[in-house]
Amino acid sequence: MIIISIFIAGFYVLLMLLLIIGRYKLKAFIFEPLPQTNKFSIIIPFRDEAKNLEILLQSLSKLNYPKEQFEIILVNDFSSDNFMPIIDKYRVLLPNLYCVNSVNAGASPKKTALSLGIFNAKYNWIITTDADCTFSKNWLNSINQKIVKDKPLMIAGLVKFNLKKGLLNHFQCLDLLSLQATLLGTFGWQKPILCHGANLCYSKSLFYELNGFSSHHHIASGDDVFLLEAAVAKYPDKVLVLNSLEGVVSTNAEPTINALLSQRMRWAAKATSYHNWITKIVGLIVFAMSLLMITSGILSLFNMFDVKLFFILLLIKFIIDALILFPMAHFFKQKSALKSFVFSSLLYPLFSVTSVMLGFTKIYTWKNRDFKI
């Protein structure tokens, strides 16, 4: 058990150090007010999001980008609430605001909705986001700058949760920061494994060249990561990250434990379908470390595991987590979430293992629909 523990901890430390180094390998993004030459089609699927549409459209109306240079295509995914008055209210502020209705939910309602939005898009540059998101005023300017300077085919943007009071919110904020560190670290090594559909930009021509979502349309989620895998496989040098605070999209954390577990079950359900071996190795190492922390903690209570070794493992985890999270919290201006750092580090192994186990044994709920794994 001691040898296995040292083996797992060693790989975990090595992985985290590689992610830290990878992040610092990335060229710093310095925002510049370049000519706003590119045109964008912003695709936003939504289902029963009337409570969020007002905030979403208000944020989009404040973008510091010519209104004639972008369009917004809202794709209604069989909503049952009264959303149209909200959309109509913003047509004056957003003259290129459109709403289309999805006609077939299929196995993956979100991918169906996104495909419909892309089919109706006027412009080559597609940006996908979610209905519960908000944006900095220079969001499109930062994407435009990345396109002008680096000539990519796909751009992965960063996402953060809105920081609020409460341990559950702080835990999710720190957890998402760790995912952003993984995203940046793997992009730094030019081996990206992660992106977010809430902040993803790609050319329409690339989408159709990769046959859209056809290869994974049978999987409910994963519109972002599976498309990233296909893009990296074909154009590894043309898939870039937007490591800019101006380009960060803000969204809401899950309000309850049940909603959070359901979200992570959805993420776990698609993990076996990943083709990228790096993704699987990263996931396996993180899961193994979480399982080790739980088992060693329980066994040490019954004198079946060296207590000193358990506390050494715990200290190693605290140090590594701090090296990952403190710089990320500083970058995202969420340092107050670090008040819950110790609690989050202790909770994460249990949360991680539980999510994975449930992800392979139960039906999960997403947007008031049940999906079988």
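The shown structure was predicted, so the numbers you read here are calculated from the model rather than taken from an experiment.
Ring centroid separation for the pair Phe226 and Phe213 does not come in under the 6.0 Å cut-off. For Phe70 and Tyr123, the distance between ring centers is not under 6.0 angstrom.
A distance-only check finds a donor-acceptor pair linking the side chain of Asp306 to the backbone of Leu309 [under 3.5 Å].
Taking 4.5 Å as the limit, some side-chain heavy atom of Leu60 sits within range of a side-chain heavy atom of Trp139.
Side chains of Asp132 and Thr251: a donor-acceptor N/O pair is present below 3.5 angstrom, by distance only. In summary, the side chains of Ser345 and Asp321 do present a donor paired with an acceptor at a separation below 3.5 Å, with no hydrogens or angles considered. In this structure, a donor-acceptor pair under 3.5 Å is absent between the side chains of His170 and Gln334.
Other residues sharing the hydrophobic cluster of Leu18, ordered by chain and number and joined by side-chain separations under 4.5 Å: Leu14, Ile21, Trp189.
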Pair Glu68-Lys39, salt bridge (charged side-chain N to carboxylate O under 4.0 Å, His left out): steps then yes or no: CA-CA 8 Å; Glu68 65 275 10; Lys39 296 183 178 182; over 6 Å; no

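With Phe331 as the aromatic partner, Arg23 meets the cation-pi criteria of under 6.0 angstrom to the ring centre and within 45 degrees of the ring axis.
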Show the atom names and distances, to 0.1 Å, of all donor-acceptor pairs under 3.5 Å that link a side chain in residues 24-35 to residues at least two apart or in another chain.
from  : atom 1 : to     : atom 2 : distance (Å)
Glu32 : OE1    : Lys149 : NZ     : 3.2
Glu32 : OE2    : Lys149 : NZ     : 2.6

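Partners of Tyr235 according to the side chain to side chain donor-acceptor pair (under 3.5 Å) rule, which considers only residues two or more places apart in sequence or in another chain, are Glu209.
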